[in-house]
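Presented below is the structure to which this report refers.
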Amino acid sequence: MTSTLHTTKKVLSIQSHVIHGYVGNKAATFPLQYRGWDVDVLNTVQFSNHSGYAHFTGFKCSTEELVDIVEKGLIGSLRIKYDAVLSGYLPNVQALQKVAGIVGQLCEGSENVKWILDPVLGDNGRLYVDRECVAVYQDILQNFKIFLATPNQFEMELLVGMSIRTLDDAKQAFKLFHKKYPRVSRIVVTSLELSEFLSNDTYVVAGFDCSASEEIFFYEIPKINAKFSGSGDLISAMLTDSLLGDRRCTQLSLSASLGQVLWLVTSILQKTYDLNIAERGPQDSTIDIKDLKLIQCRDILKQDFIPSIGKPKTIKI
Ligand SMILES: Nc1ncnc2c1ncn2[C@@H]1O[C@H](COP(=O)(O)OP(=O)(O)O)[C@@H](O)[C@H]1O
Ligand SMILES: Cc1ncc(COP(=O)(O)O)c(C=O)c1O
C-alpha cells in the first residue's frame, strides 16, 4: 500500500485584514486553506472594509506588536518551521523595515523557507503608503533573498525608476530589475497595460525566472469590464500555492505556474462578475466590484487539475 501521508505546507501570511470583504489576508487565507495550506495569519491592520469604499474604520498594529509576535512568538518561542512567508501591506515605514528585517534573516538562515513578497505601494499612479516605503522596498529587494516578487505595473515602475508604456519598456524594466535586484529569483508583474495591446482590450501579465533563462514570458488576459479589489492579493497567494504547494511531485516552471494561476484567478473574477450582473442586471460600462465572491468560487479553488490560461509568448532579454 502506498502511503498518502505527507506534511501539510505551512505559510506565514503577513497582510491586512478587513472584517467585511476580501483583500489582503482575507483574499489569501481561504484560497490557500482550500488548496491545503496551513496558514498562520498575521493581520497588520484591522479595518471594517477596504479603502476602495467611501469610508472605513479600524486600527493598525504598531511596529512593536508586529515584531513581538513574529520575532518573540512565532520564531523565538514556537520555533515554527515555515515553508513560505507571504508578505503584503505593512502599515508604515518602520513596520516594513523591521518586519522585513526579521523575515529576511529567517530566509537567510534556512534554504527551506521561501519569501513571496508583494511590494504593496499603490496602483494606477497613486501611492497608498508613505513615499519613503519605495526606498525601503528597494533596500529589501537589494539585500534579501526573495523567492518571488509580485509588483503591479505602477509598483514595478517605482522599483526600477522608469515608466512602462510598451512591450519594449517592459523588457528594459525586467532587465533593470534583475540588474538592481539580483537576489530576487523570480518576478511576476501583474496587469501591465501596454500600448501594443490596448486595442485588444487585454492586460499583459509577465514573468522572469532568473535561474531558468534569458527570456521574459507573458500572457495576454482579456479584460473583464470591472474594477476588482483583492485580485493582486489573490494572485500572489495562488502563485505561492502553485510554486510551493504539496499537490504535485514535480516542480512547475514559473511560466507554467503562472499559466495555471491566471486561469484560476480569471475564473474567479469572471464568476464574481457574473454573480454581480445577476444581482444588478446587465451593465454597459465598467462596474466597481468591491468584494470578490471567494466563497462562491470554492469549486474552482478545490480543483486538482488546473488548466492553463493559454500559451505564453517569450522575448529574449
Ligand atoms: N478587470 C480585470 N479583468 C481581467 N483580469 C483582471 C482584472 N483585474 C485584475 N485582473 C487579474 O488580476 C491580476 C492582479 O490584479 P492587479 O490589479 O494587477 O493587482 P494589484 O491589486 O496588485 O494591483 C491581474 O494581473 C489580472 O490577471
Ligand atoms: C486595506 C486594503 N485596502 C485595499 C486593498 C486593495 O487591494 P488590491 O490592490 O489587491 O485591489 C488592499 C490590498 O491589500 C488593502 O490591504
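First listed ligand is number 1; within each ligand, the first listed atom is number 1.
Applying the 4.0 Å criterion to heavy atoms of Pro222 picks out, from ligand 1, the atoms 4 (C). Near Leu262, meaning under 4.0 Å from one of its heavy atoms, ligand 1 places the atoms 27 (O). Ligand-side atoms of ligand 1 in range of Ala226: 1 (N), range being under 4.0 angstrom from any heavy atom. Interface of Lys223 with ligand 1, defined as ligand atoms under 4.0 Å from a residue heavy atom, comprises 3 (N).
When hydrogens are left out, the protein atom nearest atom 7 (C) of ligand 1 is Tyr203 CE1, 3.5 Å; that is the closest non-hydrogen contact. Counting only heavy atoms of the protein, atom 15 (O) of ligand 1 lies nearest to Ser231 OG, 3.1 Å. Gly232 CA, 3.7 Å is the protein heavy atom nearest to atom 20 (P) of ligand 1. The nearest protein atom to atom 16 (P) of ligand 1, hydrogens excluded, is given as Ser191 OG, 3.4 Å; this is a heavy-atom distance. Atom 13 (C) of ligand 1 has as its closest protein heavy atom Ile235 CD1, 4.0 Å. Of the protein's non-hydrogen atoms, the one nearest atom 3 (N) of ligand 1 is Ile224 N, 2.9 Å. Protein heavy atom closest to atom 8 (N) of ligand 1, with residue, atom name and distance, is Phe228 CD1, 3.8 Å.
Taking the six-membered ring where the residue is Trp, the centroids of Phe47 and His50 are separated by 6.0 Å or more.
With 3.5 Å as the limit, one finds a donor-acceptor pair spanning the side chains of Gln270 and Asp274. Thr166 and Asp168 share no side-chain donor-acceptor pair at under 3.5 Å. Residues Asn152 and Ser191 have side chains that never bring a donor and an acceptor to within less than 3.5 angstrom of each other. No hydrogens or angles considered: a donor-acceptor pair under 3.5 Å links the side chains of Asp291 and Tyr53. Counting only N and O atoms by type, the side chains of Asn43 and Gln15 include no donor and acceptor under 3.5 Å apart.
In terms of polar-atom proximity, defined here as any N/O pair under 3.5 Å, Val205 makes no such contact with ligand 1.
Heavy atoms of Ser229 found under 4.0 angstrom from ligand 1: none, in either backbone or side chain. If you look at Val120 next to ligand 1, there are no close heavy atoms at all, none under 4.0 Å. For Asp123, every heavy-atom contact with ligand 1 shorter than 4.0 Å involves the side chain, none the backbone. Contacts of Asp233 with ligand 1, taken as heavy-atom pairs under 4.0 Å, are absent altogether.
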- Verdict with reasoning, Lys290 to Asp288, per salt bridge (Lys or Arg N to Asp or Glu O under 4.0 Å): CA-CA 6 Å; Lys290 298 268 196 280; Asp288 185 11; 2.6 Å; yes
- For the pair Asp38 and Lys10, evaluate salt bridge (Lys or Arg N to Asp or Glu O under 4.0 Å) and give the outcome as yes or no after the intermediate values. CA-CA 5 Å; Asp38 233 340; Lys10 280 197 281 295; 5.6 Å; no
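Taking the ring centre of Tyr219 as origin, the terminal cationic atom of Lys313 falls outside the region bounded by 6.0 Å and 45° from the ring axis.
A tilted orientation is assigned to the rings of Trp115 and Phe144, their planes being inclined by 30° to 60°.
The closest approach between a heavy atom of Thr266 and any atom of ligand 1 is not below 4.0 Å.
Among Asn225, Ile268, Leu192, Leu269, the residue whose heavy atom lies nearest to atom 10 (N) of ligand 1 is Leu269.
In this structure, Ile277 CD1 and Gln283 CD are separated by 5.0 Å, a value rounded to the nearest 0.5 Å.
Protein residues having a heavy atom under 4.0 Å from any atom of ligand 2 are Ser16, Val23, Gly24, Phe47, His50, Ser51, Tyr128, Phe228, Ser229, Gly230, Ser231, Gly232, Asp233, listed by chain and number.
Tested against Trp37, the residues Asp246, Thr8, Leu86, Leu32 include a single side-chain contact (heavy atoms from CB on, under 4.5 Å) partner, Leu32. Applying the side-chain contact (heavy atoms from CB on, under 4.5 Å) test between Leu117 and each of Leu141, Ile187, Val184 identifies Leu141 as the sole match.
Taking the charged nitrogens against the carboxylate oxygens, Glu64 and Lys98 have no contact shorter than 4.0 Å, which rules out a salt bridge. Salt bridge Lys145/Glu111: present, at least one basic N to carboxylate O contact under 4.0 Å.
Put simply, atom 26 (C) of ligand 1 has no protein non-hydrogen atoms near it, under 4.0 Å away.
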